[in-house]
Amino acid sequence: MYSKGTKRKFSDSVDAATENKAVLYSRQRQFLLDMSLIKLQLCHMLVEPNMCRSVLVANTVRHIQEEMTHDGSWQLVTEAFGGSGPSDHLVATEVLCRSSALEQQGGGPKLYSVMGYDSCREEEVVTDEALCSVTISDGAPALLGTIDHCWDRAEVRMAAVEDRVIKDSGSEVEDGAMSGEGAKTVMGQVFGTFEIKTGAPGSDPALEELFSAVDASYYDLDTMLTGIQSTPKMGPYNLLDSMASSHGPASNSSCRTDLSELDHIMEIIVGS
Amino acid sequence: MAGAGGGGNDVQWCFSQVKGAIDDDVAEADIISTVEFNHSGELLATGDKGGRVVIFQQELESKNQPQCRGEYNVYSTFQSHEPEFDYLKSLEIEEKINKIRWLPQKNAAQFLLSTNDKTIKLWKISERDKRPEGYNLKEEDGRYRDPTTVTTLRVPVFHPMDLMVEASPRRVFANAHTYHINSISVNSDCETYLSADDLRINLWNLEITDRSFNIVDIKPANMEELTEVITAAEFHPNQCNTFVYSSSKGTIRLCDMRASALCDQHSKLFEEPEDPSNRSFFSEIISSISDVKFSHSGRYMMTRDYLTVKIWDLNMESRPVETYQVHEYLRSKLCSLYENDCIFDKFECCWNGNDSVVMTGSYNNFFRMFDRGYRQDVTLEASRESSKPRSVLKPRKVCTGGKRKKDEISVDSLDFNKKILHTAWHPQDNIIAVATTNNLYIFQDRLTSIQ
C-alpha cells in the first residue's frame with residue numbers, strides 16, 4: 001500500500017487501521033450475505049421449509065442489502081458481476097439474471113425456463129417463442145430455487161432485463177430500486193412456495209401439443225420423491241398452472257405482450 | 001422446603017429416572033419434540049418426531065421409600081399422527097408432534113390434544129380393568145354361537161382383568177391451517193382452544209371439528225412483504241377472553257376476544273426497545289421469541305428468545321420486569337451459530353408450580369433455572385454420567401475466557417448437537433422432566449426431611 005521509504009504519519013496509520021476495519025467489516029458482511037442467500041436456496045426439501053427461519057434469513061439479506069446500498073458498495077458488487085458472472089456469488093436475483101444472460105451470449109437462441117430448476121432441465125417443456133425460458137447454466141445454480149411458479153420467475157427476469165435496459169440508457173434510479181426490488185422479488189419467490197397457486201388449466205390445443213413433449217414419468221410420485229435431493233418439487237398442478245399462465249387466453253392478456261417484449265429485449269441483449 | 005425455591009440453596013436436584021434408548025445412535029423417529037405434565041402432575045406425556053405419544057404415570061408413593069416420590073412408568077403409547085403427503089404442493093407433511101396439551105380432567109378418562117404441522121387431534125385415554133364374561137350369544141373368544149344351542153339365559157358378569165389403557169382419537173381438527181402449526185392452547189373455559197400457525201390463529205370448539213374461527217391473521221396481501229411470523233400463542237390461564245401471541249421480531253401481542261371478532265388489533269403490545277450497543281446483523285434473529293408462557297397466577301408471562309428469558313408484567317408493556325441471561329457467552333459466536341443453523345433453535349421455557357422459579361434449556365445438555373425470589377441461577381446437566389439413582393446434580397459452569405477452572409467447560413467445547421429444547425415442571429412438586437435429543441430425564445429435589 002505504501003511505497004518503500006515513505007514515512008507513515010500517525011494519521012495515516014490510523015486511517016490504515018480504520019480502512020482495514022472497514023475492509024474486514026465489508027468482507028464479513030459479504031460472507032454473511034452469501035451464506036444467507038445459500039440458506040434461502042437450500043429449502044429444497046421434501047418437507048416444507050421452516051417459514052420462521054426463511055423470514056429471518058430473508059430479513060437479514062434485506063438488511064445487508066440496504067446497508068450495502070447505503071454504502072454504495074452495492075453498486076460495486078453489481079458491476080463486478082456484470083462481466084464475469086461467477087457462479088458462487090449469488091447476490092441478487094437481477095444479478096443472477098444478468099450473469100446467466102451474459103453467459104448465453106454466443107449461444108443458440110436461449111430460452112427462459114418456466115421451471116428453471118437444475119435437474120429439471122431434461123424434462124423441460126419444448127419451447128417456442130411464446131413460451132420463454134432460459135436454461136440456467138451449470139455455473140449459476142438456481143438461486144431462488146424454491147420458486148415453483150414460473151410466472152414469478154418470468155416476472156423477475158422481466159424486471160431484471162428491464163432494469164438492465166434502463167441502466168444501459170443511463171438511468172440513475174436502478175441500483176436503489178433494485179435493492180428494494182431485488183429483495184422484494186427474492187422474498188416473493190421464497191414465500192411464493194408457501195402459497196398454493198390455483199389456476200384453471202386451459203383447453204388450448206397448443207397445450208396438448210406441449211403436453212405431448214412432457215416426460216410423463218415426471219408425474220410419477222416415485223420419480224418426484226427419489227429425485228428430491230436436487231430437484232425442488234414441481235407437482236402436476238404447478239406444471240399445469242405454468243402451462244396455463246403462459247398460454248391462458250383470457251386470464252393473462254398482458255402475458256403475451258410481456259413475453260414478446262421479453263423476447264425482444266433478449267434479442268437486444270444477446271445481440272442477434 | 002418442598003415446593004419452594006429452585007436455584008436457591010435449599011433445593012438440591014437429584015437424578016430420578018431416564019427414559020429412552022441408551023445408545024448414541026439416535027433414531028430420527030425417537031427425537032423428542034414435546035413434553036407436558038397434565039394438570040395434576042400424575043401423567044407426563046411426550047411426543048416424538050415419529051408421531052408417537054408416550055404417556056408416563058406416576059406410581060403412588062410406596063410406603064417402603066417415603067423419601068422418594070413415585071416413579072414414572074409407561075402408561076400408554078400410541079401413534080398419534082402419520083406422515084402425509086400434500087399432493088397440491090408436492091410436499092410431505094411431517095408426523096412430528098409439535099405440541100401436546102392436556103385438558104383438565106372431568107371424569108375417569110384423560111383427554112389431550114396433540115398436533116403436527118397441519119392437524120390437531122383430541123385423544124381420549126381411558127382405563128379398562130374389567131371385562132364382561134358370560135355372554136349368551138357369543139363364545140368367550142368372540143365367535144357367535146348357534147342360537148339353537150342356547151338353552152339357558154344368564155346375565156354377563158364383569159370380571160377383573162389386567163389393566164388396559166386405551167387411547168382413541170375422539171376428534172380430528174384438520175384442514176384449517178395453510179402454514180405450520182406451532183402452538184395449541186386450551187382455554188380456561190375448557191370448551192375452546194386455539195391453534196396458531198406462522199401467520200394465523202384459529203379458535204376451535206372442542207366439540208366441533210368442521211369449522212374454526214380465524215381470530216388473528218397477519219398474512220400480508222403481498223407475500224413479498226412478509227417480514228414477521230407468529231412463533232407462539234397461549235390463552236390466559238384465568239381470563240377466557242385473553243390470549244397472547246409472540247412474533248419473530250421479538251414482540252408479544254395481547255388480544256381480547258371481546259373487542260372484535262378478528263383480533264388483528266392488539267390490546268397490548270409488549271416490546272423491549274433495542275439496545276443500540278448490542279446491535280448486529282443477528283439482532284433480529286436473536287430477538288425472535290421461541291416460546292411464551294403465562295405464569296400460573298396469570299399476572300406475568302415469560303418469553304424465551306435465543307439468549308435470554310424475560311418476565312413481563314402484563315400491566316407494563318414497555319419492557320420486561322426481569323431478564324435472565326441463559327448463555328450470554330454465545331453472543332460472540334453468533335456468526336458460527338448462524339452458519340450451522342443453531343441460531344434458529346427454538347428453546348421452550350416453563351414455570352414452577354408457584355411461579356417462583358423458571359427453567360429453560362441450553363446446549364451441551366445443560367439446562368438453567370432462575371430463582372426469581374432469591375435472584376440465583378444454576379446450570380445443571382442431563383447426562384448419563386450423572387445418572388445414578390438419587391445422585392445429586394452438580395452445578396455446571398461455562399468458562400468464557402481466560403483460565404479454565406477445574407470442572408468448568410469452555411465455550412468451544414460445548415456440544416451444540418446436544419440441545420435441550422423441551423422441559424416441563426410438575427404443577428405442584430419439584431419434579432422436572434428434561435428432554436435431551438432422544439432421552440427423557442426426570443429429576444426430583446431431595447426431600448431433606450419428612451415433615
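Just so it is clear: chains get the letters A, B, ... in the order the sequence lines come, proteins before strands, and each one is counted from 1. Just so it is clear, the structure is predicted and the values come from calculations on it, not from any experiment.
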- Item | More than 12 heavy atoms of other groups within 6.0 Å of B:N214 CG | yes

- Item | Atom pair CD1 (B:I285) and SG (A:C52), whose distance is rounded to the nearest 0.5 Å | 9.5 Å

- Query: Could you give the distance from CZ (B:F281) to OG1 (A:T60), rounded to the nearest 0.5 Å?
  - Reply: 9.0 Å

- Task: Evaluate whether atom CD of B:E328 has more than 12 neighbouring non-hydrogen atoms of other residues, nucleotides or ligands under 6.0 angstrom away.
- Result: yes

- Message: Nearest 0.5 angstrom please: A:N59 CG to B:E228 CD, how far?
- Response: 9.0 Å

- Message: Can you tell me how far apart CG (A:L56) and OG (B:S287) are? Round to the nearest 0.5 Å.
- Response: 8.0 Å

- Derivation and outcome, side chain to side chain contact (heavy atoms under 4.5 Å, CB included), residues A:H63 and B:F282: CA-CA 10 Å; A:H63 182 188; B:F282 306 108; over 6 Å; no

- Query: If you draw the axis of the six-membered ring of B:Y338, does the NZ or CZ of A:K39 fall within 45° of it and under 6.0 Å from the ring centre?
  - Reply: yes

- Item | Residue part contacting chain A, namely of B:S288, when any heavy atom lies under 4.5 Å | side chain

- Item | Under 4.5 Å from any heavy atom of chain A - which part of B:N182 | neither

- Message: Would you say NZ of B:K418 has more than 12 non-hydrogen atoms from neighbouring residues, nucleotides or ligands within 6.0 angstrom?
- Response: no

- Task: Check each atom of A:Q28 against the heavy atoms of chain B and say whether the ones under 4.5 Å are side chain, backbone, both or neither.
- Result: neither

- Message: Nearest 0.5 angstrom please: B:T231 OG1 to A:M51 CE, how far?
- Response: 13.5 Å

